[in-house]
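First up is the structure itself, then whatever we jot down about it.
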Amino acid sequence: MDALVPAYEKLLQDPEAEVRTAATFNLSEVAKTGAMVYPAGWTGGDSDAGTGDGDDDEDAGQRIPVAMRLVNRVMQLTEDDSENVRAALAMVATDLAPILGKDVTIEQLLPPMLLLLRDSTSEVRLNIISSLSLLNDVIGAELLTQSLLPAILDLAEDGKWRIRLAVIERIPLLAKQLGKEFFTDRLLSLCVGWLGDDISSIREAAAKDLKELTALLGSEWSVQNLLPRVKQVMEHPSYLRRMNAVQAISLMAMAMDVYSAQWEVLPILLEMHCDPVPNVRFNVAKGLGMVGPLFSNSVYEGQIVPILALMKEDSDRDVRYFACQSSDLLCATFDKSNKN
């Protein structure tokens with residue numbers, strides 16, 4: 001390894017970007033070998049031909065894990081001219097954290113990770129966000145939030161919608177890592193705010209996120225923290241926001257216990273059937289078709305059927321269509337259940 005590691009380091013500095021990229025992709029694999037090597041620039045005795053047992057023992061004492069030697073290359077790679085090299089580094093660099101341990105990770109690995117989070121290339125930032133869990137496991141959620149959360153918040157409001165989407169997709173993981181209390185205080189408003197994003201893909205992903213957060217953090221948490229915020233969105237002048245709030249609340253109900261869905265979500269959903277905009281109303285019809293099977297036959301017949309009956313007579317044909325579709329679906333579901 002004393003000959004192989006210097007050769008590998010030369011590949012990391014190769015004039016060709018393609019070679020540097022390929023070498024960078026293998027950074028964590030080399031580090032995981034656990035080999036003991038001499039520090040870069042070490043000028044001690046010849047490791048191949050010691051002068052005696054004492055000299056060999058002295059030389060061996062100078063050896064360090066290969067990961068300790070390679071981590072010094074990480075900062076150099078963050079400044080590489082090639083975005084492909086930096087993107088490759090962002091994918092594998094956090095794999096070094098469990099090998100290096102907490103102290104070395106904080107001192108030597110965390111600073112270049114922060115630089116990658118603010119890289120000008122979106123792929124680099126996406127790759128580093130995807131691998132934050134390994135850092136969390138080593139340095140702990142508290143230090144992770146202090147060091148990385150500000151950068152994540154910047155990315156969450158990035159002008160490129162694909163960057164925002166990538167952050168949204170990782171929100172449940174962040175909630176799990178950061179803890180319920182911290183997440184509620186620092187990130188929850190941001191999650192609900194995405195329901196009003198200008199990009200439809202962002203709004204749809206935000207609605208799905210709220211369902212996943214409900215499943216992860218529990219019905220009680222969702223009723224206390226998410227539901228009031230989503231209800232506020234339902235009162236927004238923009239019909240797009242109201243429509244996405246209806247979609248979100250329907251999805252949230254699917255992740256709740258039946259009691260919470262029936263008493264906390266269903267009344268809100270039913271109330272929205274009289275929204276002045278057809279797009280909102282037909283999403284209510286679709287939502288009722290989605291959540292209806294959660295409830296008992298008495299709730300279905302006493303609360304859902306009357307509203308769908310009204311919506312089947314709506315002046316808008318799309319509302320009538322989705323109301324009929326949900327009505328037929330629920331009728332078949334409950335008929336089958338009653339027969340069983």
Side-chain angles (χ1 to χ4, degrees), residues 8-9 11-14 16-32 40 66-178 186-187 190:
Y8 172 69
E9 289 176 322
L11 293 175
L12 291 173
Q13 303 172 69
D14 193 272
E16 296 294 333
E18 291 83 356
V19 175
R20 298 198 304 276
T21 300
T24 301
F25 268 124
N26 287 283
L27 183 70
S28 63
E29 294 302 319
V30 175
K32 289 175 183 177
V66 65
M68 293 287 291
R69 175 164 171 166
L70 292 178
V71 73
N72 296 318
R73 299 289 179 182
V74 173
M75 182 62 80
Q76 298 173 12
L77 292 170
T78 62
E79 301 171 352
D80 196 283
D81 292 336
S82 170
E83 63 184 48
N84 292 327
V85 172
R86 301 196 306 277
L89 178 65
M91 291 181 67
V92 302
T94 54
D95 289 344
L96 298 180
I99 306 171
L100 296 171
K102 182 176 180 178
D103 292 341
V104 177
T105 295
I106 293 171
E107 181 180 347
Q108 298 190 46
L109 188 61
L110 191 57
M113 295 302 94
L114 290 172
L115 289 178
L116 291 175
L117 267 173
R118 298 183 180 279
D119 195 275
S120 59
T121 302
S122 59
E123 184 180 357
V124 175
R125 289 179 285 174
L126 291 180
N127 288 348
I128 198 66
I129 290 173
S130 300
S131 60
L132 288 180
S133 59
L134 284 173
L135 277 180
N136 176 72
D137 292 341
V138 174
I139 69 176
E142 182 177 354
L143 188 56
L144 178 69
T145 56
Q146 293 174 1
S147 302
L148 301 180
L149 189 59
I152 294 172
L153 291 174
D154 286 344
L155 290 174
E157 299 177 353
D158 194 276
K160 296 179 180 179
W161 71 268
R162 293 186 185 278
I163 299 295
R164 301 199 301 279
L165 181 61
V167 175
I168 290 173
E169 291 171 346
R170 288 154 180 82
I171 282 294
L173 176 62
L174 288 173
K176 186 176 181 180
Q177 293 174 345
L178 302 178
R186 298 293 299 274
L187 287 175
L190 183 67

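Heavy-atom basis, side chains included; hydrogens, waters and symmetry copies ignored.
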Out of curiosity, [X] [atom1] to [Y] [atom2], how far, rounded to the nearest 0.5 Å?
X: Thr105; Y: Leu110; atom1: OG1; atom2: CG; result: 8.5 Å
X: Asp81; Y: Glu79; atom1: CG; atom2: CD; result: 10.0 Å
X: Gln13; Y: Arg73; atom1: CD; atom2: CZ; result: 4.5 Å

Min side-chain heavy-atom separation [X]-[Y] under 4.5 Å:
X: Val104; Y: Leu109; answer: no
X: Leu187; Y: Leu153; answer: yes
X: Leu114; Y: Arg118; answer: no

Looking only at heavy atoms, which two atoms of [X] and [Y] are closest? And how far apart?
X: Val66; Y: Ala31; value: CG1-O, 3.7 Å
X: Ile106; Y: Pro111; value: O-CD, 3.6 Å
X: Ala23; Y: Tyr8; value: O-OH, 2.6 Å

Please output the side-chain donor-acceptor pairs of residues 91-102 that fall under 3.5 Å, not counting sequence neighbours, one pair per line with the distance.
| residue | atom | partner | partner atom | Å |
| --- | --- | --- | --- | --- |
| Thr94 | OG1 | Ser131 | O | 3.3 |
| Thr94 | OG1 | Ser131 | OG | 3.2 |
| Asp95 | OD2 | Ser28 | OG | 3.3 |

| query | Which residues pass the salt bridge (Lys or Arg N to Asp or Glu O under 4.0 Å) test with Glu16, sequence neighbours left out? | reply |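 Testing Glu16 for salt bridge (Lys or Arg N to Asp or Glu O under 4.0 Å), a comparison that skips the adjacent residues, returns none.
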| Counting only N and O atoms by type, is there a donor-acceptor contact under 3.5 Å from the side chain of Asp80 to the main-chain atoms of Gln76? |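 Pair absent, no side-chain N/O of Asp80 close to backbone of Gln76.
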| task | For Arg86 and Leu116, indicate whether the former's side chain and the latter's backbone hold a donor-acceptor pair under 3.5 Å. | result |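 No; judged by distance alone, with no hydrogens or angles, the pair does not exist.
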| query | Thr21 and side-chain contact (heavy atoms from CB on, under 4.5 Å): which partner among Leu12, Asp14, Val85? | reply |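 It is Val85; the other options fail the test.
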| message | Under the rule for side-chain hydrogen bond (donor to acceptor under 3.5 Å, both in side chains), what residues qualify as partners of Arg186, not counting sequence neighbours? | response |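 Scan of Arg186 (side-chain hydrogen bond (donor to acceptor under 3.5 Å, both in side chains), adjacent residues dropped) gives none.
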Throw together a table of side-chain donor-acceptor distances under 3.5 angstrom for residues 155-174, partners on residues two or more places apart or in other chains.
| residue | atom | partner | partner atom | Å |
| --- | --- | --- | --- | --- |
| Asp158 | OD1 | Lys160 | N | 2.8 |
| Asp158 | OD2 | Arg125 | NH1 | 2.8 |
| Arg164 | NE | Asp197 | OD2 | 3.0 |
| Arg164 | NH1 | Asp158 | O | 2.8 |
| Arg164 | NH1 | Gly159 | O | 3.4 |
| Arg164 | NH2 | Asp197 | OD1 | 2.9 |
| Arg164 | NH2 | Asp197 | OD2 | 3.3 |
| Arg170 | NE | Ser130 | OG | 2.9 |
| Arg170 | NH1 | Ala166 | O | 2.8 |
| Arg170 | NH2 | Ser130 | OG | 2.5 |

| query | Can you name the residues that form a side chain to side chain contact (heavy atoms under 4.5 Å, CB included) with Ala17, not counting sequence neighbours? | reply |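 Expected list: Arg20, Ser82.
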| request: State which residues pass side chain to side chain contact (heavy atoms under 4.5 Å, CB included) with Leu115; sequence neighbours excluded, sorted by chain then number. | output: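 With neighbours one apart ignored, the set is Met75, Thr78.
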